[in-house]
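First up is the structure itself, then whatever we jot down about it.
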Amino acid sequence: MNALRCHAFGPIDNLRVENIPTPVPAAGQVLVDVHAASINYPDTLMVQGLYQVKPPLPFTPGAELSGVVSAVGEGIQHIRVGDRVVCSTGTGAFAEQALAEASRVLPLPKGMDFDVGASFVLAYGTSLHALQTIGRLQPDETLMVLGAAGGVGIAAVEIAKAMGARVIAAASSNEKRALAKQAGADETIDYTQPDWRREVERLTNGEGADVVYDAVGGAYAETALRATAWRGRYLVVGFAAGEIPKLPLNLILLKERAILGVFWGAAMRKDPQQLEVDLKQLSDWFQQGKVKPPVTERVTLEQAASAMVRLSTRQAMGKLVVLPRG
Ligand SMILES: NC(=O)c1ccc[n+]([C@@H]2O[C@H](COP(=O)([O-])OP(=O)(O)OC[C@H]3O[C@@H](n4cnc5c(N)ncnc54)[C@H](OP(=O)(O)O)[C@@H]3O)[C@@H](O)[C@H]2O)c1
């Protein structure tokens, strides 16, 4: 089978498509014919050796996919050959076939295409976990999303609207702000402007946002924390800007704010049943037309590395999907 391979941690451009033996599922695993796999920012960090998880080399990147089960390992009752599924795999998804742990394989929601399905589990699972379980976002509250047109950002916009909250979407270009608006954002702001905190205050009658969803970090974080309301919750989701910010704790004391960490992968490993509950919630919202990942680009396996470069350098928006079978 063809797979995108990483032989050494380094530049994303070094990734190459190679023909490698098809893996065989061990007990508790399934083999999936990959119809689509989406690119997430952590994939780009992982191949550069910059992610908290460093897989043994060589490896195939790609953390989530959709497809059709082609073989099942021993001891699996609930998944059959021919099932249409979505799964988060951690690695291995940018290939014609991939192994997945049965506990992380779920049915492709009814009426969902493979490319949308491949974009559904990780980004939407992360944002639902962040907003519902960690942030406890309420329908009468205002959420501010940084990097609102990115993968997890756009999911946060759609999910917060499905939860009934008001959404302020912060993004760096007109095109990205338009995508966030299309996804349901009530207001958009350009957070590359020096006075953007004033804009958040203007939009919240001087109070600030009740919940901030930050998957960007860097220099934006302190301004966003200052633009968080009394007893607001600041969700630390990621650091796409590259720099892990250090925040002054007096900002927490002064407004009884809370900074809360979000680590979806670890949370789902500790509680796989919650993954099912969350996916059921997301599927229901999908059926009701409330959430739908905006797939903006579809690329072949050969084009996957350059698409990963675009994502890691701020030149992408929405979800980028690899179609390993063309
Ligand atoms: N905590 C968790 O469980 C979890 C799960 C999944 C992902 N994450 C993290 O969440 C972050 C976003 O992941 P994603 O897959 O949504 O990425 P993505 O699709 O690339 O979106 C990231 C957004 O960050 C903004 N950004 C600001 N500065 C940037 C820079 N220098 N380079 C690239 N982007 C920049 C961009 O929006 P603008 O151009 O509008 O600023 C971009 O849309 C990553 O740090 C990832 O590791 C965390």
Side-chain angles (χ1 to χ4, degrees), residues 12 37-48 50-53 61-64 88 90 93 118-135 144-159 168-181 183 185 188-193 196 213-221 223-224 234-245 259-271 274-275 278 293-297 307-321:
I12 299 168
S38 78
I39 303 175
N40 291 283
Y41 197 88
D43 304 326
T44 70
L45 293 176
M46 202 182 282
V47 300
Q48 296 177 83
L50 301 174
Y51 194 57
Q52 57 252 38
V53 177
E64 66 173 333
S88 66
S119 310
F120 207 53
V121 179
L122 201 156
Y124 282 68
T126 297
S127 291
L128 180 60
H129 173 66
L131 297 178
Q132 191 167 262
T133 307
I134 307 297
M144 176 164 70
V145 182
L146 307 189
V152 295
I154 205 86
V157 172
E158 291 186 357
I159 289 166
I168 299 173
S172 66
S173 69
N174 285 334
E175 213 187 354
K176 289 182 178 183
R177 288 190 291 277
L179 186 74
K181 193 94 188 168
T188 62
I189 56 175
D190 179 356
Y191 68 160
T192 63
Q193 295 302 310
W196 68 278
Y213 182 102
D214 182 7
V216 179
Y220 303 106
T223 309
Y234 189 97
L235 304 175
V236 180
V237 182
F239 313 107
E243 183 209 330
I244 298 176
I259 298 184
L260 300 163
V262 175
F263 191 173
W264 176 78
M268 293 306 124
R269 268 190 297 281
K270 284 178 189 291
D271 187 0
Q274 188 63 42
L275 177 65
D278 285 359
V295 176
T296 54
E297 285 187 56
M308 288 171 74
V309 170
R310 281 199 299 286
L311 187 113
S312 75
T313 51
R314 218 175 178 175
Q315 299 170 66
M317 59 181 194
K319 291 297 294 180
L320 274 54
V321 166

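We count ligands from 1, going down the list as the structure has it; atoms in each ligand are counted the same way.
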Legend entry - Side-chain donor/acceptor of Thr296 to backbone N/O of Met317, under 3.5 Å: yes
Inset, instruction - Could you tell me how the ring of Tyr220 sits relative to the ring of Tyr191: parallel (under 30°), tilted (30 to 60°) or perpendicular (over 60°)? - result: parallel
Inset, instruction - Kindly give the heavy-atom pair with the smallest separation between Leu179 and Ala149, and that separation in Å. - result: CD2-O, 4.0 Å
Legend entry - Distance-only donor-acceptor check, side chains Ser173 and Glu175, under 3.5 Å: no
Legend entry - Amino acids in close contact with ligand 1, where any non-hydrogen atom sits under 4.0 angstrom away: Asn40, Tyr41, Pro42, Leu122, Thr126, Gly147, Gly150, Gly151, Val152, Ala171, Ser172, Lys176, Tyr191, Ala215, Val216, Val237, Gly238, Phe239, Ala240, Ala241, Val262, Phe263, Trp264, Leu311, Ser312, Arg314
Legend entry - Check: Asp214/Tyr234 side-chain N/O donor and acceptor closer than 3.5 Å: yes
Inset, instruction - Taking all heavy atoms of Leu131 and all of Ala156, pick out the closest pair and write down the distance. - result: CD1-O, 3.6 Å
